Amino acid sequence: MKIPDTRIPCEGLLFDNDGVLVDSDLGVDQAWSRWARARGLSAEKVTAMVHGRRSADTVALLVPDPGERTAALAEIDRLEIEAAATTTALPGALDLLMSLPHGSWAVVTSGVTGLARARLAAAGLPLPPVLVTADDVTHGKPAPDGYLAAAGKLGVDPARTVVLEDAAAGAEAGSAAGAYVIGVGPRGLDTDAPVVVRDLRGLTWHDGVLDLGAAELLRS
């Protein structure tokens with residue numbers, strides 16, 4: 001999909017949650033640091049690798065014994081939900097979401113359903129009409145499954161959607177789904193997204209066009 005100036009034609013907006021709509025970094029660091037230290041792992045190394053990835057996929061990489069993974073996964077999911085109260089909305093998220101017609105947007109996250117709902121609630125953001133979480137897909141990001149599922153539930157062609165992502169794995173997933181990908185925030189500069197906005201302030205969507213004209217662009 002070619003961008004005419006800063007106006008992108010699209011029929012649906014597909015948002016990653018953490019780092020795009022909400023700032024959950026504090027809770028993520030707290031939960032994964034506790035989890036790592038309890039297992040004799042480097043908290044710094046573990047927290048550096050978890051962003052944008054399903055907890056199940058991270059646990060599979062860090063827990064060698066398959067027999068221990070179920071308990072390890074349940075533990076990190078519990079710790080993250082406990083820490084969800086520290087989550088805040090990122091700039092521009094509430095205004096943009098409240099302006100969107102019902103059925104025009106979805107959230108696709110690597111978090112489990114309970115965690116995604118807890119973080120959105122803590123941030124004071126509305127629940128999306130379509131929420132696709134780690135519980136809903138066999139293959140997490142960078143596989144396109146989540147974004148394909150969200151587009152299908154909205155009833156739109158994935159190629160007519162825009163994915164907003166801050167993580168490389170998520171941007172790869174959006175591209176693999178055929179969507180146009182916009183990077184969000186400083187971490188978005190580490191993706192291959194052709195356009196990166198600082199945050200969601202200034203973005204508007206109406207009449208089938210996402211307008212970035214008032215947004216602060218980090219890359220264009």
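Note that the numbering runs from 1 along the sequence shown for the chain. Source: prediction; values computed, not measured.
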Treat each ILVMFWY residue as a node, draw an edge where side-chain heavy atoms are under 4.5 Å apart, and state whether [X] and [Y] are in one component.
| X | Y | result |
| --- | --- | --- |
| W105 | V163 | no |
| Y147 | L13 | no |
| L73 | V112 | no |
| V46 | L61 | yes |
| L125 | L100 | yes |

Verify, without hydrogens or angle tests, whether [X] (side chain) and [Y] (backbone) share a donor-acceptor contact under 3.5 angstrom.
| X | Y | result |
| --- | --- | --- |
| S24 | G27 | no |
| W35 | A72 | yes |
| R69 | V63 | yes |
| S175 | E172 | no |
| R219 | L189 | yes |
| S110 | G52 | yes |
| T47 | A43 | yes |
| S104 | P101 | yes |
| D135 | T113 | yes |

Please report the closest heavy-atom contact between [X] and [Y], naming both atoms and the distance.
| X | Y | value |
| --- | --- | --- |
| V181 | P194 | O-CD, 3.5 Å |
| A193 | G183 | CB-N, 3.4 Å |
| L200 | A93 | CD1-CA, 3.9 Å |
| P158 | L148 | CG-CD2, 3.8 Å |
| T161 | A179 | OG1-CB, 3.3 Å |
| S55 | I76 | CB-CG2, 4.1 Å |

In Å and rounded to the nearest 0.5 Å, what is the [atom1] to [atom2] distance from [X] to [Y]?
| X | Y | atom1 | atom2 | answer |
| --- | --- | --- | --- | --- |
| E75 | R39 | CD | CZ | 6.0 Å |
| L62 | K45 | CG | NZ | 11.5 Å |
| L210 | R7 | CG | CZ | 10.0 Å |
| D211 | T204 | CG | OG1 | 4.5 Å |
| L218 | D199 | CG | CG | 8.5 Å |
| D23 | T88 | CG | OG1 | 4.5 Å |

Identify whether the distance between the nearest side-chain nitrogen and carboxylate oxygen of [X] and [Y] falls below 4.0 Å.
| X | Y | answer |
| --- | --- | --- |
| R187 | D25 | yes |
| D16 | K141 | yes |
| R160 | D157 | no |

For L96, the option from L164, L21, L203 that meets side chain to side chain contact (heavy atoms under 4.5 Å, CB included): L203
Residue from T133, D166, L120 passing side chain to side chain contact (heavy atoms under 4.5 Å, CB included) with N17: L120
Derivation of the side-chain contact (heavy atoms from CB on, under 4.5 Å) call for L154 and L14: CA-CA 10 Å; L154 290 178; L14 310 180; 3.7 Å; yes
4.5 Å side-chain heavy-atom contact, [X] and [Y]:
| X | Y | result |
| --- | --- | --- |
| L97 | P128 | no |
| I182 | V197 | yes |
| H51 | V28 | no |
| Y180 | V195 | yes |
| L212 | I8 | yes |
| T109 | D18 | yes |
| R78 | I81 | no |
| W32 | E80 | yes |

Neighbour count >12 (heavy atoms, 6.0 Å) for atom CZ, R117: no
Greater than 12 external heavy atoms within 6.0 Å of D192's CG: no
Worked verdict on Q30 versus T86 for side-chain contact (heavy atoms from CB on, under 4.5 Å): CA-CA 10 Å; Q30 288 178 348; T86 63; 4.2 Å; yes
